[in-house]
Amino acid sequence: MSLVNDIKLTTKKAVDVLYETSIDETGITVSLTKPEFEGDYTIVLFALLKPLKKSPDVLGNELGNYLLKNHSDLFHSFNIIKGFLNLVIADTCWVNFLSKNYNNTNFGKQNISHKKIMVEYSSPNTNKPLHLGHLRNIFLGWSTAELSKATGNNVIKSCIVNDRGIHICKSMIAWQRFANNATPQSTHTKGDHFVGDYYVKFNDEYKKEIETLIGKGVEKEMAEKEAPIMKAAQQMLVDWEAGKPDVIELWSMMNSWVYEGFAETYKKIGADFDKIYYESQTYILGKNLVEAGLEKGIFYKEDDGSIWIDLTADGLDKKIVRRKDGTAVYITQDIGLAVDKYEEYKIDENIYVVGDEQNYHFKVLKLICQKMGLPSAKGMYHLNYGMVELPSGKMKSREGTVVDADDIVAEMINIAKQKTEELGKVKDFNDEELIDLYETIGLGALKFFLLRVDPKKRMVFNPEESIDFHGFTGPFVQYTYARIKSVLRKMVIAHGSWFMENADANYELSAMNYELLFPLEKNLLVQLEQFPTIVAEAAVYFDPSKIALYVFNLAKTFSSFYTEHSIAGAESEEKKYLRYMISQQTANIIQTAMQLLGIKVPERM
RNA sequence: GGACCGGUAGCUCAGCUGGAUAGAGCAUCAGCCUUCUAAGCUGAGGGUCAUUGGUUCGAAUCCAAUCCGGUUCACCA
């Protein structure tokens, strides 16, 4: 139970007793007291004035006096400024909180929700390597899943591999024609990059063929349709769905190259999945469902044989669900997959982490599932996020402006290496420890950068200015953690671990009085206490940026505190224990918060 | 054209379920390492919260209109 909640509930009770009026505690606004006023938390009285027919001063005084008298364990004093009732929380309350939780490495994790949730993320196409946009997706999906777990849910991380479709056929055609049987091994190229090169090659050839046709006097639109290489790709898709052995063989071989490449990247960035779906396996179920829907009259057939659904009555358009040549489109397999997931896991919620450019697609998908009466429609939620853009605008693979995932990861790690070497603080590390540290910092910087902004908003990445290691960044938080751990190690050496681990027992709570906590100590305690609330909020809104912001602010406050007050050399034994406990809990929370973002923290850096 | 999303400091972003004088980081400038790690700390400058109107005790926050930017409405995925 959070302190803010306690304040709300006691206030509700106070109003009940004092005025015999029942109010909803969610209607009580409790906020942090502004630094320029005395107090920790503030009850905003305006909303209560009318129903209780009181002036701000009278209500504030009556309420304040009641709270003080009946909850002296919680409140120390109060003051009223205009319509704001500022409450000073009792120091014993803070210290009790601290001694109860400072050694709990799971503090912040809670058991308040019990749903079965699938989070689908990453979901790559197997025709090209991952790029920066995928990284935002992956970090967001992974973190969201962990946040959901941290509030008690049973979470299944899943991934749909888009391993079939016309785009895959494009790489296949290009490889057939231009590769001379080259392989990733023979060219020493990472498999996903290798296949991606042929996807690019296809588009180059396609463009050339269009130009040739236009040169012969063919209309542009016609040329795009009739280019031989495109025809070949389309034929290959038909052959694939028909199960033509040589096509299937080529397809499996090229996909296996891509999977090897992806596996390497996933391992590097710490992505993992409990269940992997392949579109090549779900699309048939989708096609069958379309067939069934056609019989039920949910879909209709055009004269050319294509199958559609008319959503104009719902304010949307008509949507194709099967091509005239009988092959499945993107949405066909998504219908199948939704059913598949539900049948196997009976999930309460089915979260799709997919970019906001597909908002319309998911609106349509959910609507189709609803119209088909599928139980899986209910829990569908499209967790959409904004695109990662360059200062010049959208990343475009055709213009070569895509920031490759492997490249940016390698670059971040390299920058971490350079900076670490410049600072020269870990000269005694062996090679293994160094590599580990560079990865921790480099990936920490990258993940934090991508997770610190509201997922819903599109974000700009400027490759010219490399990602910062100062300020609101992963390395700053990691550095704060390393500094805390350094102090804690020294204190354990000086006092012995048993002594420090039982700091609360050695600390005389009774000696506390209000003047004892310095502002920075108090600020830290206030922030530490809020952590579980932040975790719950971030989980509910699927928003890791709330964690990033919180942990940064915590680290910032700690850094000020660290500069202002000595921990190991505190002015009294009491203060030493107090600050030890504060430091210990801050470290624990930083570690937990960063873990929820998928970021490791180093003991030294 | 329809639908949806966004516009806050030079730049990148918080704040948006209405509350006190709108906050961070970067960049700029000025300070701080014989004291627990300076990837740090302290301070300064920097704002018509796109515009206009409305709702009310109170609006960056809610509503409407307008302007600007984006996404989408594919027999691509």
Side-chain angles (χ1 to χ4, degrees), chain A residues 26 29 31 33-34 36-37 42 44-47 49-50 56 81-84 86 123 125 127 162 164-168 170 234 279 302 304-308 315-325 327 329-331 333-334 355-361 363-364 384 386-387 389 391 393-394 416 419-420 422-423 425-426 441 445 449 452-454 456-462 465 468-480 482-491 494 545-546 548-549 552-553 555-556 559-570 579 583 604-605:
Chain A
T26 52
T29 308
S31 56
T33 305
K34 296 252 168 198
E36 53 268 38
F37 304 107
T42 296
V44 183
L45 300 172
F46 297 103
L49 300 180
K50 235 179 224 171
I81 295 169
K82 294 199 274 178
F84 300 93
N86 300 323
S123 306
N125 292 341
N127 63 331
N162 298 116
R164 46 135 265 137
I166 190 75
H167 54 294
I168 314 292
K170 289 177 181 177
Q234 283 162 354
E279 189 185 334
E302 282 286 344
D304 64 2
S306 55
I307 299 178
W308 297 73
L316 304 177
D317 294 294
K318 291 175 180 174
K319 182 81 185 173
I320 191 163
V321 291
R322 204 184 79 179
R323 292 192 186 95
K324 69 178 172 196
D325 63 8
T327 56
V329 293
Y330 179 46
I331 204 158
Q333 67 91 20
D334 263 336
D356 61 8
E357 58 190 355
Q358 294 196 36
N359 285 355
Y360 182 77
H361 170 81
K363 217 168 161 181
V364 169
N384 60 345
M387 296 289 101
E389 288 179 11
K394 267 188 88 171
K419 302 221 177 205
T420 304
E422 274 167 30
L423 290 166
K425 293 180 181 179
V426 289
I441 297 172
F449 177 84
R452 68 176 200 183
V453 303
D454 182 343
K456 300 264 181 244
K457 295 198 176 174
R458 63 170 194 265
M459 64 185 296
V460 176
F461 170 76
N462 189 346
E465 314 162 6
D468 223 307
F469 281 49
H470 303 271
F472 186 14
T473 67
F476 168 73
V477 178
Q478 291 171 322
Y479 176 67
T480 308
R483 287 213 290 188
I484 296 173
K485 296 303 283 215
S486 174
V487 177
L488 296 182
R489 278 192 300 272
K490 285 182 178 162
M491 290 181 82
S545 74
K546 291 185 190 301
L549 189 66
F552 165 66
N553 281 322
K556 200 154 58 97
S559 291
S560 300
F561 161 81
Y562 177 93
T563 306
E564 181 78 18
H565 303 292
S566 180
I567 301 161
R579 290 176 192 163
S583 304
R604 291 176 56 195
M605 68 184 274

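Each chain gets a letter, A, B and so on, in the order the sequences are listed, and its residues count up from 1. Fair warning: this is a prediction, and the values are worked out from it, not measured in the lab.
Separation of the P atoms belonging to C76(B) and C16(B) is 43 Å when rounded to the nearest angstrom. On the C1' atoms, C73(B) is 33 Å away from A14(B), given to the nearest whole Å. Rounded to whole Å, the C1' atom of C29(B) lies 12 Å from the corresponding atom of G46(B). Taking atom P on both C11(B) and G19(B), the two are 26 Å apart, rounded to the nearest angstrom. Distance noted for atom P between U66(B) and A27(B): 42 Å (whole Å). Comparing G47(B) with A22(B), their P atoms sit 12 Å apart, to the nearest whole Å. Spacing of C1' atoms, G23(B) relative to C32(B), comes out at 25 Å, to the nearest Å. One P atom belongs to C36(B), the other to A44(B), and the distance between them is 27 Å to the nearest Å.
In this structure, Phe476(A) reaches the sugar-phosphate backbone alone: every heavy-atom distance under 4.0 Å involves primed, P, OP1 or OP2 atoms, never a base. Within 4.0 Å of Lys363(A), counting heavy atoms only, lie sugar-phosphate atoms of the nucleic acid but no base atom. Arg604(A) comes within contact range of at least one nucleobase, with a heavy-atom separation under 4.0 Å. Asp454(A) comes within 4.0 angstrom of sugar-phosphate atoms only, judged by non-hydrogen atoms across all strands, and of no base. Note on Ile567(A): a base of the nucleic acid sits closer than 4.0 angstrom, heavy atoms only. Counting non-hydrogen atoms under 4.0 angstrom, Thr420(A) reaches a base of the nucleic acid. Ser559(A) comes within 4.0 angstrom of sugar-phosphate atoms only, judged by non-hydrogen atoms across all strands, and of no base. Across all strands shown, Ser486(A) has heavy atoms under 4.0 Å from base atoms, whether or not it also approaches the sugar-phosphate.
Met387(A) places its CE atom 12 Å from the C1' atom of U72(B), with the value rounded to the nearest Å. If you measure from atom NZ of Lys318(A) to atom P of A74(B), you get 11 Å, rounded to the nearest angstrom. For Ile484(A) and U37(B), the CD1 to P distance is 12 Å, given to the nearest whole Å. Between the NZ atom of Lys319(A) and the C1' atom of A3(B) there is a distance of 14 Å, given to the nearest Å. Look at CD1 on Ile331(A): it is 13 Å from C1' on U72(B), rounded to the nearest Å. Here U72(B) presents its P atom at 9 Å from CG of Asp356(A), a figure rounded to the nearest Å.
In summary, the side chains of His361(A) and Asp334(A) do present a donor paired with an acceptor at a separation below 3.5 Å, with no hydrogens or angles considered.
Met605(A) places none of its side-chain heavy atoms less than 4.5 Å from the side chain of Val426(A).
The side chain of Val460(A) lies closest to U12(B), out of U12(B), A77(B), C41(B). The side chain of Lys546(A) approaches G15(B) more closely than any other nucleotide in the set C57(B), G15(B), U37(B).
You can call Phe46(A) stacked on the base of G19(B); the centres are under 5.5 Å apart and the planes sit within 30°.
Secondary-structure annotation of RNA chain B gives the stems B:1-7 with B:67-73, B:10-13 with B:23-26, B:28-32 with B:40-44, B:50-54 with B:62-66, with a stem taken as at least 3 successive Watson-Crick or G-U pairs whose two distances both fall under 3.5 Å.
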> Could you go step by step and tell me if Val453(A) and Ser545(A) meet the side-chain contact (heavy atoms from CB on, under 4.5 Å) rule?
Replying inline: CA-CA 5 Å; Val453(A) 303; Ser545(A) 74; 5.7 Å; no
>> Would Leu549(A) and Phe472(A) count as a side-chain contact (heavy atoms from CB on, under 4.5 Å) here? Give the steps.
In response: CA-CA 8 Å; Leu549(A) 189 66; Phe472(A) 186 14; 3.8 Å; yes
> How does protein reach along nucleotides 20-33 of chain B, written 5' to 3' as B (base within reach of a heavy atom under 4.0 Å), S (only sugar-phosphate), or - (no contact)?
Replying inline: B---SSS-------
